[in-house]
Visitor: 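After the structure tokens below, expect a handful of questions from me.
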Amino acid sequence: MPELPEVETTRRKIEPLLRGRVIAGVEHDAPHKYRDTHLAVGRRVQGLSRRGKYLMLQLAAADAAEGGAHDLEFIVHLGMTGGFRLEPGQHTRVTLTLESDETGDGQHLFFNDPRRFGKMAVVRPGEYAGMPTLAAMGPEPLSEDFNAADFVRLAREAGAVKPWLLSQKPVSGVGNIYADESLWQGQIHPAQTRLTPGEGKKLYTAIREVMEKAVEAGGSSLGGGVGNYRQHDGVSGLFQHEHHVYGKGGQPCPRCGTDIVKTVLAQRGTHFCPKCQVLRERFKGQTVQRSNR
DNA sequence: CTCAACGCCTGACGGC
DNA sequence: TGCCGTCAGGCGTTGA
């Protein structure tokens, strides 16, 4: 579920609960999903960072200087339905116990994940063997590393643009919602291949704008369903009110009034405006992208 | 190498 | 009311 804006919102909200604290225990079953978590016990959280949709807790020895170098990373991926909670519940999969600080607050942090798609691992910094998506992660969309020239150049060679975005390689953190929203904003058909420089630039600008606004809004919280995304404090994001196409199949396009189409592309629900986002003619001999299921 | 399909999980919802 | 099929914000693996 959570994409970059939701993960970034989580990072900002749980960092104050974890920074400076020593992890006293990590409890869970399914060790194949939560690898080497015992290495985190007795270590101090120096800070929280994020790469794409992955959260990283920087861990150092409990007696290390504040702000000093860390020697382990506690990596958390929220999957489709993962999130932190202050109270245990039916879907608690991991319980983090913290050593008391002066205030004694926040002894536990619970990882709630109904669908169990979330994962954790403790690794040496930068050692991402077995995490191919993280190892090959593209630039952060809101950083200077994400630049138009590189993106336009890569986009000229790309296959179907939406699956290409979802691969995390051209840019990190874009998932199904923000891919659909960015393609609508940039007026590009989700199945378009080999973007022209003009299309590439429009999509680049759209991704920056959509991601920036979504982070500002605290991400999206969809009503109902397993994945209703909330932060640990129960606060919902607000960006769902700014969706133009995601979840809007059959409703009028805010730009032209044509009914938004919902289809399936690369096994993912895909929403677009058939008038604003037109698939360019293909050259003879090329096969047509299908969306069977 | 890339690409597409499938597996992993649970719960909510709509149709019958 | 109950059952069944479908769908869901992701990613790792497999096999072509």
Side-chain angles (χ1 to χ4, degrees), chain A residues 1-10 28-30 32-35 50-55 75-83 89-94 111-121 128-138 154 157-170 172-183 191 193-194 210-211 214-215 217-231 236-240 242-243 245-250 262-271 286-293:
Chain A
M1 77 140 338
E3 307 180 30
L4 184 150
E6 294 77 29
V7 179
E8 175 60 18
T9 303
T10 297
H28 54 78
D29 58 8
H32 60 290
K33 291 172 195 250
Y34 312 111
R35 287 175 22 218
R50 180 191 53 72
R51 269 297 273 137
K53 305 172 197 171
Y54 294 77
L55 282 173
I75 299 175
V76 178
H77 195 288
L78 305 178
M80 293 275 271
T81 57
Q90 185 188 350
H91 303 301
T92 296
R93 309 302 184 196
V94 180
F111 182 64
N112 182 72
D113 185 18
R115 286 181 72 182
R116 303 177 190 259
F117 284 175
K119 290 186 168 69
M120 300 185 186
Y128 302 146
M131 312 172 88
T133 302
L134 182 54
M137 186 76 61
L154 293 172
E157 310 293 321
V161 61
K162 179 174 171 183
W164 179 70
L165 290 177
L166 295 181
S167 77
Q168 309 300 301
K169 287 176 183 168
S172 64
V174 177
N176 208 36
I177 293 176
Y178 299 105
D180 281 3
E181 292 298 322
S182 297
L183 289 164
T193 61
R194 297 177 177 267
V210 167
M211 293 307 243
V215 169
S220 300
S221 295
L222 302 188
V226 173
N228 186 10
Y229 194 63
R230 300 239 186 130
Q231 299 298 332
S236 294
L238 296 172
F239 194 72
Q240 65 277 13
E242 298 178 54
H243 291 178
V245 286
Y246 186 85
K248 308 279 187 189
K262 180 178 179 201
T263 181
V264 176
L265 177 63
Q267 286 81 241
R268 308 302 300 277
T270 295
H271 314 72
Q286 281 189 308
T287 53
V288 174
Q289 186 81 32
R290 293 240 157 252
S291 60
N292 296 334
R293 55 170 295 111

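Just so we're on the same page: letters track the sequence lines, and every chain starts at 1.
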Visitor: Work out how far the P atom of dC7(C) is from that of dC6(B), and round it to whole angstrom.
Guide: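 One P to the other, the span is 14 Å.
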
Visitor: Of the nucleotides dC7(C), dC9(B), dC11(C), which one has an atom closest to the side chain of H77(A)?
Guide: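 Of all the options, the side chain of H77(A) is nearest to dC11(C).
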
Visitor: Determine whether the aromatic ring of F117(A) stacks with the base of dC11(C), defined as ring centroids separated by less than 5.5 Å and ring planes inclined by less than 30°.
Guide: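 Base of dC11(C): not stacked against F117(A).
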
Visitor: For dC13(B), give its Watson-Crick or G-U wobble partner with both distances under 3.5 Å, or none.
Guide: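 Base-paired to dG5(C).
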
Visitor: Could you tell me how far apart K262(A) (NZ) and dG9(C) (C1') are, to the nearest whole angstrom?
Guide: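 Checked: the NZ to C1' distance equals 12 Å.
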
Visitor: Provide, to the nearest angstrom, the distance between the CG atom belonging to N112(A) and the C1' atom belonging to dC9(B).
Guide: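 Distance check: N112(A) CG to dC9(B) C1' gives 14 Å.
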
Visitor: Less than 6.0 Å separating the ring centroids of Y246(A) and F239(A)?
Guide: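 No, the ring of Y246(A) stays outside the 6.0 Å limit from the ring of F239(A), centre to centre.
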
Visitor: Could you check whether atom NZ of K33(A) has more than 12 heavy atoms from other residues, nucleotides or ligands sitting under 6.0 Å from it?
Guide: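 Counting other residues, nucleotides and ligands, NZ of K33(A) exceeds 12 neighbours.
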
Visitor: OP1 or OP2 of dC11(C) less than 4.0 angstrom from a side-chain nitrogen or oxygen of K53(A), does that happen here?
Guide: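 So the side-chain polar atoms of K53(A) do come within 4.0 Å of the phosphate oxygens OP1 or OP2 of dC11(C), strictly under.
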
Visitor: Quick one: which of dC9(B), dG11(B), dA5(B) gets closest to the side chain of Q90(A)?
Guide: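 Among dC9(B), dG11(B), dA5(B), the one nearest the side chain of Q90(A) is dG11(B).
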
Visitor: Can a side chain N or O of Y246(A) be found less than 4.0 Å away from OP1 or OP2 on dG9(C)?
Guide: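 Y246(A) to dG9(C) OP1/OP2: side-chain N or O found under 4.0 Å.
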
Visitor: Between L165(A) (CG) and dG9(C) (C1'), how many Å, whole number?
Guide: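 From L165(A) CG to dG9(C) C1': 15 Å.
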
Visitor: How close or far is atom P of dG9(C) from atom NE2 of H243(A), stated in whole angstroms?
Guide: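 In whole Å, dG9(C) P and H243(A) NE2 are 11 Å from each other.
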
Visitor: Hey, does the side chain of H91(A) come within less than 4.0 Å of dG11(B)'s phosphate (OP1/OP2), counting only N and O?
Guide: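 Yes, H91(A) has a side-chain N/O under 4.0 Å of OP1/OP2 on dG11(B).
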
Visitor: Taking 4.0 Å as the cut-off, does a side-chain nitrogen or oxygen of K33(A) come that near to OP1 or OP2 on dC9(B)?
Guide: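 For dC9(B), OP1 or OP2 has a side-chain N or O of K33(A) closer than 4.0 Å.
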
Visitor: Whole angstrom is fine here: how far is it from CH2 in W164(A) over to C1' in dG10(C)?
Guide: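 Rounded to the whole Å, the gap is 19 Å.
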
Visitor: Do you see a donor-acceptor pair shorter than 3.5 Å between the side chains of N112(A) and T92(A)?
Guide: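 Note: N112(A) and T92(A) side chains miss the donor-acceptor criterion.
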
Visitor: Say you draw a straight line from NE2 of H243(A) to CG of L222(A); how long is it, rounded to the nearest 0.5 Å?
Guide: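 If we round to the nearest 0.5 Å, H243(A):NE2 and L222(A):CG are 6.0 Å apart.
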
Visitor: Of the options dG9(C), dG12(C), dC6(B), whose atoms approach the side-chain atoms of R268(A) most closely?
Guide: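 Minimum distance to the R268(A) side chain belongs to dG9(C).
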
Visitor: CG of L166(A) versus P of dC11(C): gap in Å, rounded?
Guide: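 Whole-Å distance recorded here is 9 Å.
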
Visitor: Could you tell me how far dC9(B) sits from dT13(C) if I compare only their P atoms? Round to whole Å.
Guide: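 So the two P atoms sit 14 Å from each other.
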
Visitor: Expressed as a whole number of angstroms, how long is the span from Q168(A):CD to dC11(C):P?
Guide: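 From Q168(A) CD to dC11(C) P: 5 Å.
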
Visitor: Of the nucleotides dG12(C), dG9(C), dA5(B), which has the atom closest to the P132(A) side chain?
Guide: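 Nearest to the side-chain atoms of P132(A), counting from C-beta on, is dG12(C).
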
Visitor: Are side-chain heavy atoms of L4(A) and Y178(A) found at a separation under 4.5 Å?
Guide: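 No, their side chains stay 4.5 Å or more apart.
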
Visitor: Measure the shortest side-chain to side-chain distance between Y128(A) and M137(A) over non-hydrogen atoms and say whether it is less than 4.5 angstrom.
Guide: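 The answer is no; the side chains never approach within 4.5 Å.
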
Visitor: Whole Å only: how far is the CG atom of D29(A) from the P atom of dT10(B)?
Guide: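 Spelled out: CG on D29(A) to P on dT10(B) is 11 Å.
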
Visitor: Look at the side chain of L222(A) and decide which nucleotide, out of dC8(B), dG9(C), dG12(C), has an atom nearest to it.
Guide: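 In terms of side-chain proximity for L222(A), the closest of dC8(B), dG9(C), dG12(C) is dG9(C).
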
Visitor: Please confirm whether any donor atom in the side chain of R115(A) sits under 3.5 Å from an acceptor in the base of dC9(B), or the reverse.
Guide: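 Such a pair is found, so the answer is yes.
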
Visitor: Under 4.0 Å, heavy atoms only, any strand: does Y54(A) hit a base, just the sugar-phosphate, or nothing?
Guide: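 Touches sugar-phosphate only.
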
Visitor: What's the closest nucleotide to the side chain of R116(A) if the choices are dC9(B), dG10(C), dG12(C)?
Guide: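 Among dC9(B), dG10(C), dG12(C), the one nearest the side chain of R116(A) is dC9(B).
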
